[in-house]
Trainee: 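Sending over a structure as structure tokens; questions will come in a sec.
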Amino acid sequence: MKKSYEVIFENNKKWVESKLAEDKDFFKTLSASQTPDYLYIGCSDSRVSAEEMMGLKPGEVFVTRNVANVVNTLDMSATAVIQYAVEHLKVKHIIVCGHYGCGGVKAAMTPQDLGLMNPWLRNIRDVYRLHQAELDAIEDGQKRYDRLVELNVQEQCINVIKMAVVQEQYLVDEYPIVHGWVFDLKTGKIIDLEIDFESILKDIQKIYNLTNSEWVMSRKKNKNLI
């Protein structure tokens, strides 16, 4: 057990050496600042690595992960990450990425008491409730499971769009855009669910419009005068 732990530091040493061999200023540049275009909201599953599957380098994607890529606005960790990414890092794209074979989604489909996981899994069970007619009509259990993974991503995208900071920033700068993806572990491919961000934003703003403030209108007006 100790040896498997210590190998991490050996790997880190080799990684540092390889990066410096490619670029002697790599860590100097890396430590200076970060200007990512992407915020990635993903699952904590150990098999899914955001930067690696996206082909991006350190500093190019801001990442937050939790069980089943849930965006619960009562979760201060998730909301703080989104607020910081949008307001300070000025990310252009927010990606909610689920994956087929998600243990969190599977657990939410299991009718049993899972203790402290219950409140968290309730978010996914609520997704099932919202789409129960569609899901119950799918006879194949695996296909129903996969579809819930997709619908969970879709609903978490909507939860992101509900946030004031996202609505306000988009009104002023026309970004960030929210995207929904699913990663297929069996093929390694990213599947774009083609979430219609503008249409969803327009549909929900009757209830969730949080942009009618003097501050937002003033920022938009000043930008248009530039």
Side-chain angles (χ1 to χ4, degrees), residues 15 19 22-23 26-73 75-102 104-105 123 149-185 187-201 204 210-211 219 223:
W15 178 73
K19 289 300 178 183
E22 294 172 7
D23 177 5
F26 177 82
F27 292 104
K28 180 179 180 181
T29 303
L30 188 67
S31 62
S33 65
Q34 59 171 330
T35 55
D37 282 338
Y38 310 96
L39 166 60
Y40 174 94
I41 303 170
C43 181
S44 297
D45 194 295
S46 62
R47 299 167 294 177
V48 184
S49 174
E51 295 89 340
E52 187 174 0
M53 76 174 186
M54 294 169 71
L56 297 178
K57 300 174 182 177
E60 294 183 336
V61 56
F62 199 56
V63 177
T64 184
R65 309 197 326 173
N66 60 46
V67 174
N69 43 275
V70 167
V71 179
N72 185 329
T73 52
D75 174 11
M76 292 301 292
S77 176
T79 54
V81 167
I82 294 170
Q83 182 88 24
Y84 183 77
V86 172
E87 196 169 75
H88 299 283
L89 296 179
K90 308 294 185 185
V91 296
K92 306 299 187 299
H93 304 275
I94 299 176
I95 298 156
V96 179
C97 185
H99 65 95
Y100 297 130
C102 178
V105 173
N123 294 285
V149 167
E150 296 170 353
L151 291 170
N152 182 50
V153 169
Q154 175 182 302
E155 292 299 326
Q156 305 315 319
C157 285
I158 293 172
N159 287 340
V160 173
I161 297 169
K162 290 176 185 176
M163 292 184 62
V165 67
V166 175
Q167 294 184 30
E168 291 169 350
Q169 194 69 40
Y170 182 77
L171 181 64
V172 173
D173 294 320
E174 298 185 351
Y175 63 80
I177 307 295
V178 178
H179 308 270
W181 293 357
V182 173
F183 180 62
D184 189 341
L185 289 164
T187 66
K189 293 182 179 180
I190 297 170
I191 300 165
D192 189 348
L193 298 180
E194 299 183 358
I195 299 297
D196 191 338
F197 168 71
E198 291 186 357
S199 177
I200 293 173
L201 179 61
I204 70 170
L210 303 176
T211 62
R219 285 185 65 197
K223 183 178 179 182

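Keep in mind that the numbers below use all heavy atoms, side chains included, and drop hydrogens, waters and symmetry copies.
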Trainee: How close do C43 and C102 get, heavy atom to heavy atom, and via which atoms?
Mentor: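 Looking at all heavy atoms of both residues, the shortest contact is SG-SG, 4.1 Å.
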Trainee: Holding to side chain to side chain contact (heavy atoms under 4.5 Å, CB included), I want the full list of residues that pass it with S49, two or more places apart in sequence or in another chain.
Mentor: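 S49 satisfies side chain to side chain contact (heavy atoms under 4.5 Å, CB included) with E51, E52 only.
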Trainee: Tell me, do H99 and D45 make a side-chain contact under 4.5 Å, heavy atoms counted?
Mentor: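 Yes; the side chains approach each other to less than 4.5 Å.
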Trainee: Do you know which two heavy atoms are closest between R65 and A50, and how far apart they sit?
Mentor: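 The pair with the smallest heavy-atom distance is NH1-N, 4.4 Å.
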Trainee: Please verify the inter-ring angle class for Y38 with H93; under 30° counts as parallel, over 60° as perpendicular, anything in between as tilted.
Mentor: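 Answer is parallel, since the angle falls under 30°.
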Trainee: Does CD in Q34 sit with more than 12 non-hydrogen atoms of other residues, nucleotides or ligands closer than 6.0 Å?
Mentor: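 Yes, enclosed.
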Trainee: Measure across N69 and G98 and return the closest heavy-atom pair with its distance rounded to 0.1 Å.
Mentor: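 Heavy-atom minimum between the residues: OD1-CA, 3.2 Å.
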Trainee: Name every donor-acceptor pair, under 3.5 Å, that has one atom in a side chain of residues 188-197 and the other anywhere in the protein, sequence neighbours excluded.
Mentor:
| residue | atom | partner | partner atom | Å |
| --- | --- | --- | --- | --- |
| D192 | OD1 | E194 | N | 2.8 |
| D196 | OD1 | S199 | N | 3.2 |

Trainee: Is there a side-chain contact between L185 and V48 in this structure, where contact means two heavy atoms from C-beta onward sitting under 4.5 Å apart?
Mentor: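 Touching, per the 4.5 Å side-chain cut-off.
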Trainee: Is the backbone N or O of Y175 less than 3.5 Å from a side-chain atom of Q169, with the two atoms forming a donor-acceptor pair by type?
Mentor: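 No: the side chain of Q169 does not pair with the backbone of Y175.
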Trainee: Can you tell me how far apart CE (M163) and CD (Q83) are? Round to the nearest 0.5 Å.
Mentor: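 Result: 6.0 Å between the selected atoms.
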Trainee: Are the side chain of N152 and the backbone N or O of V105 linked by a donor-acceptor pair below 3.5 Å?
Mentor: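 A pair under 3.5 Å: no.
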Trainee: Specify the closest pair of heavy atoms between E60 and K57, including all atoms of both residues, with the distance to one decimal.
Mentor: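 E60 and K57 have their closest heavy atoms at OE1-N, 2.7 Å.
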Trainee: First locate atom NZ of K162, then atom CD of Q167, and finally report the distance between them rounded to the nearest 0.5 Å.
Mentor: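 Separation between the atoms: 10.5 Å.
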Trainee: Applying side-chain contact (heavy atoms from CB on, under 4.5 Å) between L201 and each of I161, I177, V166, report the one that passes.
Mentor: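 With L201 as partner, side-chain contact (heavy atoms from CB on, under 4.5 Å) holds for just one option, I161.
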Trainee: Nearest 0.5 Å, please: how far is OG1 in T29 from CG in D23?
Mentor: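 That separation rounds to 6.0 Å.
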Trainee: Grab the two heavy atoms, one from C157 and one from G180, that are nearest each other, plus how far apart they are.
Mentor: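 That closest heavy-atom pairing would be SG-CA, 3.6 Å.
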Trainee: Take Y100 and V182 through the test side-chain contact (heavy atoms from CB on, under 4.5 Å) and record every step on the way to the result.
Mentor: CA-CA 7 Å; Y100 297 130; V182 173; 3.5 Å; yes
Trainee: Check step by step if side-chain contact (heavy atoms from CB on, under 4.5 Å) holds for M54 and I95.
Mentor: CA-CA 11 Å; M54 294 169 71; I95 298 156; 3.8 Å; yes
Trainee: Test side-chain contact (heavy atoms from CB on, under 4.5 Å) on D75 and V70 and set out the steps.
Mentor: CA-CA 9 Å; D75 174 11; V70 167; over 6 Å; no
Trainee: Looking at CG of D173 and CG of L171, how far apart are the two atoms once the value is rounded to the nearest 0.5 Å?
Mentor: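 It is 9.5 Å, given to the nearest 0.5 Å.
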Trainee: Would you please test N159 and Q156 for side chain to side chain donor-acceptor pair (under 3.5 Å) and show each step?
Mentor: CA-CA 5 Å; N159 287 340; Q156 305 315 319; 3.2 Å; yes
Trainee: Between T79 and V165, is there a side-chain heavy-atom distance shorter than 4.5 Å?
Mentor: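 No, side chains not in contact.
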Trainee: On a heavy-atom basis, which atom in A85 and which in F62 lie closest, and how many Å separate them?
Mentor: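 In this case the closest contact between A85 and F62 is CB-CD2, 3.8 Å.
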Trainee: Decide yes or no for I82 and V71: does some side-chain heavy atom of the first lie under 4.5 Å from some side-chain heavy atom of the second?
Mentor: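 Counting from C-beta outward, I82 and V71 do come under 4.5 Å.
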